[in-house]
Amino acid sequence: MANLLGGTAGVVVTWPKVVDYSRIEGALQLVGFTDYQIDRNVIGDTTEANINVHVPMRLITAEGVPDMDAVSVLRSLADAIEDIDDAG
């Protein structure tokens with residue numbers, strides 16, 4: 001199984017439309033993410049978002065930060081991006 005070491009994954013996405021911060025956040029929450037950072041920039045009619053998802057704080061213990069399953073995390077990120085794309 002492929003893991004994301006350090007428990008974080010990030011993507012930079014550009015949409016040829018204005019996407020509200022709350023729309024990005026809602027899409028992430030819809031697929032189950034609870035810990036994330038969104039850096040969003042709008043230039044004209046284009047939105048660029050740097051989206052980072054993290055291991056939920058409640059899962060970090062004295063033993064360290066657990067790895068995240070790469071396939072399921074990336075699939076969930078893709079689902080969130082697709083949800084925003086489908087919104088038109």
Side-chain angles (χ1 to χ4, degrees):
M1 175 182 354
N3 289 313
L4 298 168
L5 301 176
T8 186
V11 295
V12 176
V13 182
T14 302
W15 287 281
K17 59 184 177 181
V18 175
V19 179
D20 293 334
Y21 181 94
S22 62
R23 182 67 184 99
I24 300 168
E25 185 173 48
L28 292 174
Q29 291 173 356
L30 186 67
V31 297
F33 291 115
T34 58
D35 289 61
Y36 48 81
Q37 177 181 353
I38 303 165
D39 293 318
R40 175 184 157 271
N41 292 306
V42 176
I43 302 168
D45 290 334
T46 301
T47 302
E48 180 179 284
N50 182 345
I51 303 168
N52 290 283
V53 296
H54 311 279
V55 168
M57 292 297 290
R58 68 184 185 287
L59 298 179
I60 299 173
T61 66
E63 287 78 41
V65 178
D67 293 336
M68 295 190 311
D69 175 55
V71 173
S72 64
V73 169
L74 295 173
R75 186 169 289 129
S76 293
L77 274 171
D79 289 345
I81 294 166
E82 185 175 41
D83 182 63
I84 295 167
D85 283 348
D86 290 347

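Computed from a prediction, not measured in an experiment: that's the story for all the values here. All values below come from the heavy atoms of this structure, side chains included, with hydrogens, waters and symmetry mates left out.
Rounded to the nearest 0.5 angstrom, Asp79 CG and Leu28 CG are separated by 11.0 Å.
Taking both residues in full, the closest heavy atoms of Asp83 and Arg23 are given as OD2-NH2, 2.9 Å, listed atom of the first, atom of the second, then distance. The shortest non-hydrogen separation linking Gly44 to Val18 is O-CG2, 3.8 Å.
The shortest side-chain heavy-atom distance between Val53 and Asp35 does not fall under the 4.5 Å cut-off. In this structure, His54 and Thr34 have side chains that are not in contact, with every pair of non-hydrogen atoms separated by 4.5 Å or more. Ile81 has its side chain within reach of Val11: a pair of non-hydrogen atoms, C-beta onward, lies under 4.5 Å apart. The closest side-chain heavy-atom distance from Tyr36 to Glu25 is below 4.5 Å.
Residues Tyr21 and Leu30 are members of separate hydrophobic clusters, defined by side-chain heavy-atom contacts under 4.5 angstrom among Ile, Leu, Val, Met, Phe, Trp and Tyr. When the side chains of ILVMFWY residues are joined at heavy-atom separations under 4.5 Å, either directly or via intervening members, Ile38 and Trp15 end up in a single hydrophobic cluster.
The only member of Val13, Ile43, Thr14 that meets side chain to side chain contact (heavy atoms under 4.5 Å, CB included) when paired with Glu48 is Thr14.
The backbone N or O of Ile24 sits nowhere less than 3.5 Å from a side-chain atom of Arg40 that would complete a donor-acceptor pair. Of the possible polar contacts, one joining the Thr47 side chain to the Lys17 backbone as a donor-acceptor pair under 3.5 Å is found. Side-chain atoms of Asp69 come within 3.5 Å of backbone atoms of Ser72 as a donor-acceptor pair (strictly under, hydrogens ignored).
A donor-acceptor pair shorter than 3.5 Å cannot be found between the side chains of Asp39 and Asn41.
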